[in-house]
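Only one structure is covered here, and it is reproduced in the block below.
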Number of protein chains: 2
Amino acid sequence: MVHDPNGKDCRLVGDILARVGDKWSMLVVMTLLEAPLHFNELKRAIRGVSQQMLSRNLRALERDGLVERTVHVGVPVRVEYALSDLGRSLAGPVQALGAWAARARPAIEASRTAFDREHDAQ
Amino acid sequence: MVHDPNGKDCRLVGDILARVGDKWSMLVVMTLLEAPLHFNELKRAIRGVSQQMLSRNLRALERDGLVERTVHVGVPVRVEYALSDLGRSLAGPVQALGAWAARARPAIEASRTAFDREHDAQ
DNA sequence: CGGCATCCGGAGGGATACTG
DNA sequence: CAGTATCCCTCCGGATGCCG
């Protein structure tokens with residue numbers, strides 16, 4: 001069977017996987033799964049993320065309908081980010097992957113060190 | 001709750017997610033799930049991948065113990081790539097994510113066009 | 001407080017050519 | 001057949017600074 005990443009069906013799946021794979025998106029989703037947050041709360045909750053990247057990620061997630069953005073007018077302005085139903089439905093599969101990663105971690109680390117030893121000694 | 005991508009526990013989970021998210025790795029895994037293949041068979045099966053990237057991905061997957069590489073000596077040389085048990089165990093979560101993507105696709109595409117319309121018209 | 005604009009370095013990914 | 005080596009280029013991600 002031939003797999004074509006540009007085939008119409010696989011196209012958006014690849015998109016999703018890329019989204020899931022990028023450095024911050026799933027961290028955002030997992031954080032918002034616990035509770036809706038304001039921008040800077042989110043920034044503090046996700047240690048190490050820059051404003052830039054957080055902003056970009058939130059935009060992208062909002063565009064895809066995974067995150068809902070609500071502006072509360074006032075002084076100062078407050079913007080609340082919350083997962084949509086679609087976003088919440090993503091949490092299951094992602095957590096499954098996370099659980100797999102946790103289980104597989106020892107095996108992967110062992111395999112890596114073994115592989116590296118063989119190749120460094122060469 | 002604070003999420004730190006550099007916290008020891010989250011570190012490798014992030015690694016895994018990044019691996020899952022890159023352009024070819026999961027395509028390789030899904031292809032090998034059907035049957036073990038030789039290098040060029042794999043290259044033909046995954047439309048559009050370069051030798052370079054396929055080679056790199058296979059190395060990385062082998063290093064992590066997800067793929068097993070077997071050299072069959074002879075003329076010409078044949079190298080067979082197959083999923084390890086660990087690799088096969090990854091297929092479940094990945095397929096779950098794929099299924100989610102397939103289900104979510106219409107909603108996501110609709111959300112994107114709506115979002116883009118609002119912002120282009122501005 | 002919640003962003004966007006700009007600049008920058010480095011990694012990711014591709015084309016091509018060459019080797020065992 | 002199964003790669004490695006080289007070159008190149010884009011885009012991700014971070015730092016900084018400015019604006020409503």
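By convention in this document, chain letters (A, B, ...) are assigned in the order of the sequence lines, proteins followed by strands, and residues within each chain are numbered from 1.
- One atom, CG of L54(A), and another, P of dA15(D), lie 14 Å apart when rounded to the nearest Å.
- In this structure, CZ of F39(A) is placed 6 Å from P of dG3(C), rounded to the nearest angstrom.
- Which of dG14(D), dG3(D), dG2(C) sits closest to the side chain of M53(A) comes down to dG14(D).
- The interatomic distance linking N57(B) (CG) with dG13(C) (C1') rounds to 10 Å, in whole Å.
- With values rounded to the nearest 0.5 angstrom, L90(A) atom CG is found 6.5 Å from M30(A) atom CE.
- The distance from the OH atom of Y81(A) to the CG atom of L54(A) is 7.5 Å, given to the nearest 0.5 Å.
- One interatomic measurement links the two molecules: CG of L37(B) to C1' of dC1(D), which rounds to 14 Å at whole-angstrom precision.
- Between dG14(C), dG3(D), dA2(D), one nucleotide has an atom nearer to the side chain of N40(B) than all others, and that is dA2(D).
- Taking atom CZ on R47(A) and atom P on dG13(D), their separation rounds to 20 Å, with Å as the unit.
- A 6.0 Å sphere centred on CZ of R47(B) holds no more than 12 heavy atoms belonging to other residues, nucleotides or ligands.
- Counting distance only, with no hydrogens placed and no angle test, the side-chain atoms of Q52(B) and the base atoms of dT6(D) include a donor-acceptor pair under 3.5 Å.
- Donor-acceptor pairing under 3.5 Å is recorded for the side chains of S25(A) and D22(A).
- Summarising the geometry, the separation between CD on Q51(A) and C1' on dA5(C) is reported as 13 Å, rounded to the nearest angstrom.
- The shortest distance between the side-chain N/O atoms of Y81(A) and the OP1/OP2 oxygens of dG3(C) is below 4.0 Å.
- Side-chain nitrogen and oxygen atoms of R44(A) include none within less than 4.0 Å of the OP1 or OP2 phosphate oxygen of dG2(C).
- You'll find that the side chain of V79(B) is closest to dG3(D), out of dG3(C), dC1(D), dG3(D).
- When each of V77(B) and S50(A) is assigned the nucleotide of DNA chain D bearing its nearest heavy atom, the one mapping closer to the 5' terminus is V77(B).
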Report the C-alpha distance between R69(A) and L58(A) in whole Å, list the side-chain angles of each, state the deciding distance to 0.1 Å, and finish with yes or no for side-chain contact (heavy atoms from CB on, under 4.5 Å).
CA-CA 9 Å; R69(A) 182 175 180 273; L58(A) 287 169; over 6 Å; no
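- A close approach under 4.0 Å does occur between a side-chain nitrogen or oxygen of S55(A) and OP1 or OP2 of dC4(C).
- Residue W24(A) places none of its side-chain N or O atoms closer than 4.0 Å to OP1 or OP2 of dC12(D).
- Considering only side-chain N and O atoms, K23(B) lies under 4.0 angstrom from the phosphate OP1 or OP2 of dG14(C).
- Look at R59(B) and you'll find a side-chain N or O under 4.0 angstrom from OP1 or OP2 of dT4(D).
- Donor-acceptor pairing under 3.5 Å, judged by distance alone, is present between the side chain of R56(B) and the base of dG13(C).
- If you take CG of L27(B) and P of dG13(C), they are 13 Å apart, rounded to a whole angstrom.
- E80(B) has its CD atom 12 Å from the P atom of dG3(D), to the nearest Å.
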